[in-house]
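Beneath this line is the structure, given in structure tokens, with notes to follow.
What you see is a predicted model; the values in this text were computed from it and never measured. We count residues from 1, following the sequence as given. Any value given below was found using the heavy atoms of this structure, including those in side chains, with hydrogens, waters and symmetry copies removed.
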Amino acid sequence: MVDLNLAKVNKIFIFGIFLIVSFWSLTYGATLKKQQYRALIFYYDQPDSLLVNELIQKIDRPLQRIEGLFHEALDVPVSVRLTKSDKEFEGFLYNQVPEWSQAVALPQQRMVILKLADAEQIKKSPQILIHELVHILLYDFLQGAYLPVWLNEGMADYFSEGGLSFEKKIVLAQAMVQKKIIDLMSIDSLLKMKAPQARLAYVEAQSAVEFMAKQFGDQRLIELLKNIRHQKNFHKAFRFTFGFDLLDFEIQWNEFIKQKYRWLVLLKFEEWIFALSGLLFLIAVVVVYLRNRKKLKTLSEEDQDDFIDGGT
Ligand SMILES: [Zn+2]
């Protein structure tokens with residue numbers, strides 16, 4: 001979810017985390033279980049063994065696919081610390097991470113902290129771990145070059161999830177109609193955003209990367225990263241890769257979401273439930289009316305039969 005290095009968190013904070021993590025390793029590390037899968041070393045509490053096995057099984061193929069795309073493998077060891085406690089998670093990060101965050105990648109410390117506090121978080125954990133590992137891969141790939149947060153988060157979501165889900169498309173459509181779309185470069189202040197705005201920022205980032213990949217192919221994304229690594233200047237590298245500025249891209253992308261998703265505003269679930277209940281009511285009225293009419297008809301025919309019977 002959050003990549004602390006690229007979010008320009010100051011060095012004192014990073015050093016603080018380093019101290020806490022080191023302290024934690026010395027004091028509690030010994031009581032934790034440890035399991036290695038390629039360059040990843042999982043640290044977890046004993047009862048979570050099955051969970052870890054399942055997690056490893058589920059990330060195996062997607063991770064290899066992404067490494068193939070980057071033509072680079074995660075080979076420098078990365079510690080993956082799993083925790084079930086909100087308090088512990090916040091404690092690790094010195095309460096510096098927003099409340100909406102479920103995981104954090106610390107590329108310089110070669111560490112991922114993943115929270116599995118409830119069933120929903122456990123279900124999403126393979127995808128979230130892949131998201132965090134993409135941050136680490138990007139960090140390694142760029143060798144210190146600056147990557148805007150929208151591109152970093154967008155790639156992490158696009159490579160771990162693919163395109164936007166239906167629900168995310170509706171979030172985007174609503175923001176578009178209400179003119180609340182955030183400029184891509186303003187997403188750099190993601191860590192200061194409240195949950196709803198942060199959610200929109202993530203959805204936008206994923207959509208922009210998905211649009212880029214659809215227009216130019218996944219390999220062009222990798223080419224952009226290579227150019228950023230060589231030129232050490234994001235805007236220059238962007239122009240070099242695509243032949244136009246980020247602003248031109250943003251206009252194209254905005255036009256695309258307007259054309260493609262605006263109509264989804266009509267699909268707000270509550271409104272449909274309301275419309276559907278009205279429709280069901282109308283159907284019920286018509287059915288009752290038809291049934292009564294049939295009954296009346298049958299009754300009057302029976303009356304007539306009675307009358308005829310009576311007459312003989
Ligand atoms: Zn992230």
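Counting only distance, with no hydrogens or angles, the side chain of Asp188 and the backbone of Val149 share a donor-acceptor pair below 3.5 Å. Judged by distance alone, the side chain of Glu210 and the main-chain N or O of Leu164 form a donor-acceptor pair under 3.5 Å. In this structure, the side chain of Gln36 engages the main chain of Arg38 through a donor-acceptor pair within 3.5 Å. Side-chain atoms of Arg229 come within 3.5 Å of backbone atoms of Phe141 as a donor-acceptor pair (strictly under, hydrogens ignored). When atom types are taken as modelled, the side chain of His230 and the backbone of Lys226 share a donor-acceptor pair closer than 3.5 angstrom. Judged by distance alone, with hydrogens and angles left aside, the side-chain atoms of Ser85 form a donor-acceptor pair with the main-chain N or O of Glu88 at under 3.5 Å. Within the 3.5 Å criterion, the main-chain N or O of Phe159 finds a donor-acceptor partner in the side chain of Arg65.
Put simply, the side chain of Ile66 does not reach to within 4.5 Å of the side chain of Leu133, judged on heavy atoms. Looking at heavy atoms from C-beta onward, Leu82 lies in side-chain contact with Leu55 at the 4.5 angstrom threshold. In this structure, Leu74 and Arg110 have side chains that are in contact, with non-hydrogen atoms separated by less than 4.5 Å. You'll find the side chain of Asp157 stays beyond 4.5 Å of the side chain of Val209, heavy atoms only. Under the 4.5 Å side-chain criterion, counting only non-hydrogen atoms from C-beta, Leu200 is not in contact with Met193. Val52 has its side chain out of reach of Tyr37: every pair of non-hydrogen atoms, C-beta onward, lies at least 4.5 Å apart. At least one side-chain heavy atom of Leu147 sits under 4.5 Å from a side-chain heavy atom of Leu225. Within the 4.5 Å cutoff, the side chain of Val134 has no heavy atoms near those of the Tyr158 side chain.
Note: Ser49 OG to Phe42 CZ = 12.5 Å, rounded to the nearest 0.5 Å. Note that CZ of Phe238 is 5.0 Å distant from CG of Leu246, once rounded to the nearest 0.5 Å. With rounding to the nearest 0.5 angstrom, the NZ atom of Lys214 is 5.0 Å from the CZ atom of Phe256. Of the inter-residue distances, the one linking Lys58 atom NZ with Ser125 atom OG reads 7.5 Å to the nearest 0.5 angstrom.
The closest side-chain donor-acceptor pair between His235 and Asp245, if any, does not fall under 3.5 angstrom. For the 3.5 Å distance criterion, the side chains of Gln259 and Glu255 qualify, holding a donor opposite an acceptor. For the residue pair Glu250 and Asn254, no side-chain donor N or O sits within less than 3.5 Å of a side-chain acceptor on the partner.
Minimum interatomic distance between Ser160 and Ile130 (heavy atoms only, all atoms of both residues): CB-CG2, 3.5 Å.
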Would you check, one step at a time, whether the test side-chain contact (heavy atoms from CB on, under 4.5 Å) holds for Asn53 with Gln35?
CA-CA 9 Å; Asn53 289 339; Gln35 187 176 161; 3.2 Å; yes
Let me see the working for Asp248 and Arg239 under salt bridge (charged side-chain N to carboxylate O under 4.0 Å, His left out), right down to the final yes or no.
CA-CA 10 Å; Asp248 299 315; Arg239 215 174 304 126; over 6 Å; no
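Using a 30° and 60° split on the angle between ring planes, Phe216 and Phe244 fall in the tilted class, from 30° to 60°.
Between Lys84 and Asp45, no side-chain nitrogen of the basic residue sits less than 4.0 Å from a carboxylate oxygen of the acidic one, so the salt-bridge criterion is not met. Lys124 has no carboxylate O lying under 4.0 Å from a charged side-chain N of Glu161, or vice versa, which leaves the two without a salt bridge.
Among Ile187, Leu142, Leu138, the one residue that satisfies the side-chain contact (heavy atoms from CB on, under 4.5 Å) test with Asn152 is Leu138. Just one residue in the list Glu167, Glu204, Glu153 forms a salt bridge (charged side-chain N to carboxylate O under 4.0 Å, His left out) with Arg199, and that residue is Glu167.
Atom NZ of Lys232 is surrounded by more than 12 heavy atoms from other residues, nucleotides or ligands within 6.0 Å.
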